[in-house]
Amino acid sequence: MNDINRLRDLMAPTGVLRTTINVGNPILAGLDADQQPYGVSVDLAKMIAHRLDVELELQVYASAGEAVAVVSDEKADMGFFALDPKRAESIQFTAPYVLIEGCYLVREDSPITDQQEADRHGQKIVVGKGSAYDLYLSRAIQHAELVRAPTSPKVVAFFIEHKLDIAAGVKQQLEAGIEEFGGLRLLPGHFMTIQQAMGVPKNRPQEAAAFLSAFIEEAKAERDVARLLAKHNIQGASVAPSA
């Protein structure tokens with residue numbers, strides 16, 4: 001068996017490359033007017049399927065938590081996720097290919113002016129359930145209470161509806177919330193840098209993860225990732241450095 005056939009069997013054992021797409025992260029993917037997925041992650045998935053010469057099946061989810069669970073259970077062959085130690089228990093990750101800022105949002109009249117003021121007793125921070133921010137803040141927050149919205153795209157509306165103190169999420173998503181609802185502002189800076197990577201189920205042979213890792217490094221070096229960020233007019237995200 002030649003190398004490409006071996007990789008094809010490892011990456012797409014059903015004969016179809018089943019790939020999760022999280023449209024809850026607007027940096028990487030979204031749905032067009034016909035409810036079809038598009039974006040950086042979709043284009044990268046198409047490039048990988050073309051390289052393997054296999055059919056691509058996009059499995060679209062509204063949240064990262066759903067996408068992680070599907071790949072962890074081997075109901076999909078690969079996906080696009082933020083790196084996190086908890087997720088690494090069931091997923092083999094590549095190095096990151098895109099870096100995204102995680103920020104805090106408050107009301108304009110909130111007394112909170114600095115990120116250091118977020119983690120205080122009595123304050124409630126809303127995050128998207130199962131998101132990278134949820135996983136990170138679940139470890140980092142010691143005094144404030146975390147409240148979980150159903151998905152990351154619903155964080156700002158949930159924040160307003162339930163009269164919470166702080167919303168956490170992708171900077172661009174929070175900025176869209178400011179534009180939609182008004183009366184809100186971002187706190188200066190960011191509380192984390194999200195490393196977006198790709199991953200395969202943990203118990204796949206190492207060759208599968210190595211193939212994806214090599215692809216990602218090539219896509220960064222050949223400026224394919226930078227080209228896709230520009231193509232989709234993505235602001236506030238940067239190409240991760242070479243591994």
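Position 1 is the first residue of the sequence; numbering continues from there. Reckoned from all heavy atoms, side chains included, excluding hydrogens, waters and symmetry mates.
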Side chain to side chain contact (heavy atoms under 4.5 Å, CB included) between His190 and Met192: does it pass, once the steps are laid out? CA-CA 6 Å; His190 57 275; Met192 70 179 295; 5.8 Å; no

Test side chain to side chain donor-acceptor pair (under 3.5 Å) applied to Asn203 and Glu74, step by step: CA-CA 9 Å; Asn203 60 3; Glu74 292 200 75; 3.0 Å; yes

Arg87/Phe93 under side chain to side chain contact (heavy atoms under 4.5 Å, CB included): CA gap, chis, key distance, verdict: CA-CA 9 Å; Arg87 292 175 178 174; Phe93 283 103; 3.7 Å; yes

Might you confirm whether atom NE2 of His143 has over 12 heavy atoms from other residues, nucleotides or ligands at distances under 6.0 Å? yes

Within this structure, what is the CZ-OG distance for the pair Phe81 and Ser72, rounded to the nearest 0.5 Å? 7.0 Å

Counting C-beta onward and ignoring hydrogens, is there a side-chain heavy-atom pair between Val200 and Asp77 closer than 4.5 Å? no

Which atoms form the tightest heavy-atom contact between Ala132 and Ala82, and what is the distance? CB-CB, 3.4 Å

Around atom CZ of Arg223, are there more than 12 heavy atoms of other residues, nucleotides or ligands at under 6.0 Å? no

CG on Asp3 to CZ on Arg8, rounded to 0.5 Å: 11.5 Å

Return the OG to OH distance between Ser138 and Tyr136, rounded to the nearest 0.5 Å. 11.5 Å

Locate the shortest heavy-atom distance separating Thr20 from Gly79; write the atom from each residue and the value. OG1-CA, 3.2 Å

Can you tell me how far the CD1 atom of Ile125 sits from the CZ atom of Phe191, to the nearest 0.5 Å? 8.0 Å

Val155 and Ile178: same hydrophobic cluster, using ILVMFWY side-chain contacts below 4.5 Å? yes

ILVMFWY network linking Val239 to Ile100, side-chain heavy atoms under 4.5 angstrom: yes

Would the distance check show the side chain of Gln172 and the main-chain N or O of Pro26 forming a donor-acceptor pair, the cut-off being under 3.5 Å? no

Can you find a pair of side-chain heavy atoms, one from Leu186 and one from Lys171, that are under 4.5 Å apart? yes

Quick check against the 3.5 Å criterion: does Gln123 have a side-chain atom that pairs as donor or acceptor with the backbone of Glu117? yes

Does Arg139 use its side chain to pair, donor to acceptor, with the backbone of Asp134 at less than 3.5 Å? no

So do the side chains of Ile21 and Phe80 get within less than 4.5 Å of each other, counting heavy atoms only? yes

Using modelled atom types only, decide if a donor and an acceptor are shared between the side chain of Asp84 and the backbone of Lys86 within a distance under 3.5 Å. yes

With a 4.5 Å heavy-atom cut-off, do Phe215 and Met47 have their side chains touching? yes

Give me the atom names and distance for the closest heavy-atom approach of Ala168 to Leu137. CB-CD1, 3.8 Å

Kindly indicate whether the side chain of Ile27, heavy atoms from C-beta on, has any atom under 4.5 Å from the side chain of Val40. no

Please walk me through it: do Phe181 and Val156 pass side chain to side chain contact (heavy atoms under 4.5 Å, CB included)? CA-CA 9 Å; Phe181 296 103; Val156 178; 3.6 Å; yes

Examine Ile194 and Val126 and state if one hydrophobic cluster contains both, with Ile, Leu, Val, Met, Phe, Trp and Tyr joined whenever side-chain heavy atoms are less than 4.5 Å apart. no

Counting distance only, does the side-chain N/O of Thr151 pair as donor-acceptor with the main-chain N or O of Ala62 below 3.5 Å? no

Checking Asp43 against Lys231 for the salt bridge (charged side-chain N to carboxylate O under 4.0 Å, His left out) test, could you report, in this order, the C-alpha distance in whole Å, the side-chain angles of both residues, the deciding distance, and whether it holds? CA-CA 10 Å; Asp43 290 348; Lys231 170 187 173 182; 2.9 Å; yes

Taking Glu217 for the side chain and Tyr97 for the main chain, is one N or O donor matched with an acceptor at less than 3.5 Å? no

What closest approach, in Å, do Gly24 and Ser152 show between heavy atoms, and which atom pair accounts for it? O-CB, 3.9 Å

Hey, is NZ on Lys202 packed in by over 12 heavy atoms from elsewhere, all under 6.0 Å? yes

Quick one, Arg6 with Asp9, criterion salt bridge (charged side-chain N to carboxylate O under 4.0 Å, His left out). Give me CA distance, side-chain angles, the key distance, then yes/no. CA-CA 5 Å; Arg6 167 72 174 167; Asp9 288 344; over 6 Å; no

Are any non-hydrogen side-chain atoms of Ile48 and His50 less than 4.5 angstrom apart? no

Can you confirm if the NZ or CZ of Arg107 lies within 45° of the ring axis of Phe159 and under 6.0 Å from the centre of its six-membered ring? yes

Test side chain to side chain donor-acceptor pair (under 3.5 Å) on Gln36 and Tyr38; report intermediate values, then the result. CA-CA 7 Å; Gln36 296 301 306; Tyr38 70 93; over 6 Å; no

Can Val106 be reached from Leu174 by stepping across I, L, V, M, F, W or Y side chains whose heavy atoms are under 4.5 Å apart? no

Is there a side chain to side chain contact (heavy atoms under 4.5 Å, CB included) between Leu184 and Ile160? Walk through the geometry before answering. CA-CA 10 Å; Leu184 309 169; Ile160 292 172; 4.1 Å; yes

Between Met11 and Leu17, is there a side-chain heavy-atom distance shorter than 4.5 Å? yes

Donor-acceptor check, side chain of Ser41 to backbone of Leu28, threshold 3.5 angstrom: yes or no? yes

Rounded to the nearest 0.5 Å, what's the gap from CZ on Phe158 to NZ on Lys129? Could you check? 11.0 Å

Is Ile216 reachable from Leu99 through a run of I, L, V, M, F, W or Y residues, each pair having side-chain heavy atoms under 4.5 Å apart? no

Heavy-atom closest contact (Gln142 atom, Asp119 atom, distance): N-OD2, 2.9 Å

Beyond-backbone contact of Leu31 with Pro37, side-chain heavy atoms, under 4.5 angstrom: yes

Ser131 side chain to Gly128 main-chain N or O, any donor-acceptor pair under 3.5 Å? yes

For Ala45 versus Leu58, what's the shortest heavy-atom pair and its separation? CB-CD2, 4.3 Å

Polar contact flag, side-chain donor to acceptor under 3.5 angstrom, Glu66-Asn22: no

Is there a donor-acceptor pair under 3.5 Å between the side chain of Lys46 and the backbone N or O of Leu56? no

Separation of Glu180 CD from Glu175 CD (nearest 0.5 Å): 14.0 Å

Can a donor-acceptor pair be found, under 3.5 Å and without considering hydrogens, that links the side chain of Gln92 to the backbone of Arg204? yes

